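Everything on this sheet refers to the single structure shown next.
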2 protein chains.
Amino acid sequence: METGPSFVPLYQQVRGILLGRITDGYWKPGEPLPAEPRIAEELGVSPGTVRKALDDLAAAKVVTRRQGRGTYVTEHSPDTALFHFFRVVNAKGHRSLPDCRELSRHHGKVNARERKALDLPAGAPVYRIRRMRPMEGRDVLIEDITVPATLFPGLIDGRAPLPNTLYDHYQRAYGVTIRRASETLRAVGASDSVARHLGLATGHPVMEIHRVAIGLDEKPIELRITWLATDDFAYHVELE
Amino acid sequence: METGPSFVPLYQQVRGILLGRITDGYWKPGEPLPAEPRIAEELGVSPGTVRKALDDLAAAKVVTRRQGRGTYVTEHSPDTALFHFFRVVNAKGHRSLPDCRELSRHHGKVNARERKALDLPAGAPVYRIRRMRPMEGRDVLIEDITVPATLFPGLIDGRAPLPNTLYDHYQRAYGVTIRRASETLRAVGASDSVARHLGLATGHPVMEIHRVAIGLDEKPIELRITWLATDDFAYHVELE
DNA sequence: TAGTGGTCTAGACCACAAA
DNA sequence: TTGTGGTCTAGACCACTAA
């Protein structure tokens, strides 16, 4: 028989309260939180307890602390979004950042794979976007993005092209913050379509990456399937 | 012009002292450290400062805290070594652990790639080991391991087979602790040799993983090149 | 029962940023 | 100059483990 913890530490309760206010949009990305002593007296706990809660949230990148200025709700920028979630390096092992060229966008209904990854009901409407992400001027990376239409109404209905980095756009335009992502990598032979876009022979080995991006509330937000030609680039991970 | 920090916080100095004693073997893997108040009075700092230093080392998995028992120098076990550094999942996305079958072992001198990865002088002696790591009974993973002979004298000279998990063996038998690892992944066509071992056609897409394992002192310890057939297995990462 | 780490408090002083 | 987070101290009490 499973028994829960006999008590919940105060600082974890405080962390939950603060996270709730951020998730609910009471404090918005880029905004400063009240000073630590202010939060402490409001909640009736010691400043040290608030500090520990904020340290936890800072470690999870939910808030960003800046000495002498204050504690801010973390705001994705094009740079931070790429820095946290883009792990491709060039032949020298140096981080390299992609450009962007949109290939197609469609309305549709979830297929089986998307349903499973995004935990959606059958028939739920989705948007699908296919983009080329050239690296150092070469077409080596292509990605298929699927998001629930209900979360991002009108995302692909405008005439303007979508921004290069979507996660900061999700946050700014829809209040949806990506907190973390889960990636599954395989080596596959390039399909006709992928091979054509990447200038390879059909069946040439490419890396296929399934990414599910998870929001502040731990719910899946986006499914992204990437194909990367690893002849001149590679995927890099630090295991700690 | 680069200017260093104007001062080094006390808790970071304490962390450095404690890490030094562990690196030097003054406190050995599996042994308990003195209690926090004991360390504090020995170093002449406040218990809270020692606590913060130990929290840092625990986050880096250098020490392990056990409530009610004490703080211990982290000891690799077969399970922890695999749990931290083995990221292969089966088709259902569940973690799966490999068996081990040694294929060959050799003495040799570093080649160019190993020199670069392991930061060794030209002509340095190395040991090379090739192993099959069957997953769920199938030959899907093969690995080539290179270590400097000077670090692990006699490692491959015995008659007994090497243990399935090497990192805990490095620690127990040679006092060398692996702290983290850096992996670079590519999709490649299987070479004749790899294809034969994995039962694939030459050129079949496989994942090639270059891993450099780093020690407590941040120096490279081991180079390991892995080929994984990703038809029924995959490599999984969490990005945070 | 004794000893450990885990939590919580209350305050002092310092480094840093902005007005 | 003011206010922020960063560091450091000094203790109290609680939960957990092992003898």
Side-chain angles (χ1 to χ4, degrees), chain A residues 1-19 21-22 27-75, chain B residues 1-19 21-22 27-75:
Chain A
M1 164 151 176
E2 189 78 16
T3 62
S6 47
F7 77 109
V8 179
L10 193 50
Y11 78 92
Q12 290 182 17
Q13 300 178 40
V14 170
R15 185 183 59 196
I17 292 169
L18 301 179
L19 177 59
R21 292 185 183 177
I22 293 168
W27 293 319
K28 296 191 170 54
E31 288 180 4
L33 271 59
E36 293 175 5
R38 225 57 54 71
I39 296 175
E41 63 189 63
E42 189 222 333
L43 299 180
V45 301
S46 162
T49 302
V50 172
R51 165 164 290 271
K52 184 150 189 180
L54 286 175
D55 281 345
D56 270 21
L57 291 174
K61 299 198 180 73
V62 174
V63 301
T64 305
R65 323 192 95 193
R66 303 181 207 174
Q67 188 175 9
R69 294 178 59 188
T71 302
Y72 295 76
V73 181
T74 301
E75 186 174 33
Chain B
M1 162 147 178
E2 188 81 13
T3 63
S6 46
F7 76 110
V8 179
L10 193 49
Y11 78 93
Q12 290 182 18
Q13 300 179 42
V14 171
R15 185 182 59 196
I17 292 170
L18 301 179
L19 176 59
R21 292 185 183 178
I22 293 169
W27 292 319
K28 296 192 169 53
E31 289 180 3
L33 271 58
E36 293 174 6
R38 226 57 54 70
I39 296 175
E41 63 190 64
E42 190 221 333
L43 299 181
V45 300
S46 162
T49 302
V50 172
R51 165 163 290 271
K52 184 152 188 180
L54 287 175
D55 281 345
D56 270 21
L57 291 174
K61 298 196 181 75
V62 174
V63 300
T64 305
R65 295 169 154 290
R66 304 182 207 174
Q67 187 174 7
R69 294 177 61 186
T71 302
Y72 295 75
V73 181
T74 302
E75 187 175 31

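In what follows, every chain begins at residue 1, and chains take the letters A, B, ... in the order their sequences are listed. Just so we're clear, the structure is a prediction, and the values are computed from it rather than from any experiment. The figures that follow rest on heavy atoms only: side chains count, while hydrogens, waters and symmetry mates do not.
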Please determine whether side-chain contact (heavy atoms from CB on, under 4.5 Å) holds for the pair A:Thr64 and A:Glu75, giving the CA-CA distance in whole Å, both sets of side-chain angles, and the decisive distance to 0.1 Å. CA-CA 9 Å; A:Thr64 305; A:Glu75 186 174 33; over 6 Å; no

Can you measure from CZ (B:Arg15) to CG (B:Asp55) and round to the nearest 0.5 angstrom? 11.5 Å

Run A:Leu43 and A:Thr49 through side-chain contact (heavy atoms from CB on, under 4.5 Å) and show every step you take. CA-CA 10 Å; A:Leu43 299 180; A:Thr49 302; over 6 Å; no

Taking atom P of C:dG5 as reference, at what distance in whole Å does atom CG of B:Leu18 sit? 12 Å

Could you tell me the separation between the CZ atom of B:Arg51 and the CD1 atom of B:Ile39, rounded to the nearest 0.5 Å? 11.0 Å

In whole angstrom, give the distance that lies between atom CD of B:Gln12 and atom P of D:dT7. 7 Å

Exactly one candidate in A:Leu54, A:Leu19, A:Asp56 meets side-chain contact (heavy atoms from CB on, under 4.5 Å) with A:Val62; the answer is A:Leu19

Quick one: are A:Val63 and A:Ile22 in side-chain contact, heavy atoms under 4.5 Å? yes

Output the residues of residues 30-45 of chain A in contact with DNA chain D, where contact means a heavy atom of the residue under 4.0 Å from an atom of the strand; sort by number or write none. A:Ala35, A:Glu36, A:Arg38

Among residues 49-57 of chain B, which ones have heavy-atom contacts with DNA chain C below 4.0 Å? B:Arg51

Looking only at heavy atoms, which two atoms of B:Ser46 and B:Ala40 are closest? And how far apart? C-CB, 4.0 Å

4.5 Å side-chain heavy-atom contact, A:Val73 and A:Lys28: no

Taking the side chain as every heavy atom from C-beta outward, state whether B:Trp27 and B:Leu18 have any pair of such atoms under 4.5 Å apart. yes

Selection: residues 58-74 of chain B, any non-hydrogen atom under 4.0 Å of DNA chain C: B:Arg65, B:Arg66, B:Gln67, B:Gly68, B:Arg69, B:Gly70, B:Thr71

Contact check, side chains of A:Arg38 and A:Leu33, non-hydrogen atoms, under 4.5 Å: no

Nearest whole Å is fine: how far is D:dC14 C1' from A:Tyr11 OH? 14 Å

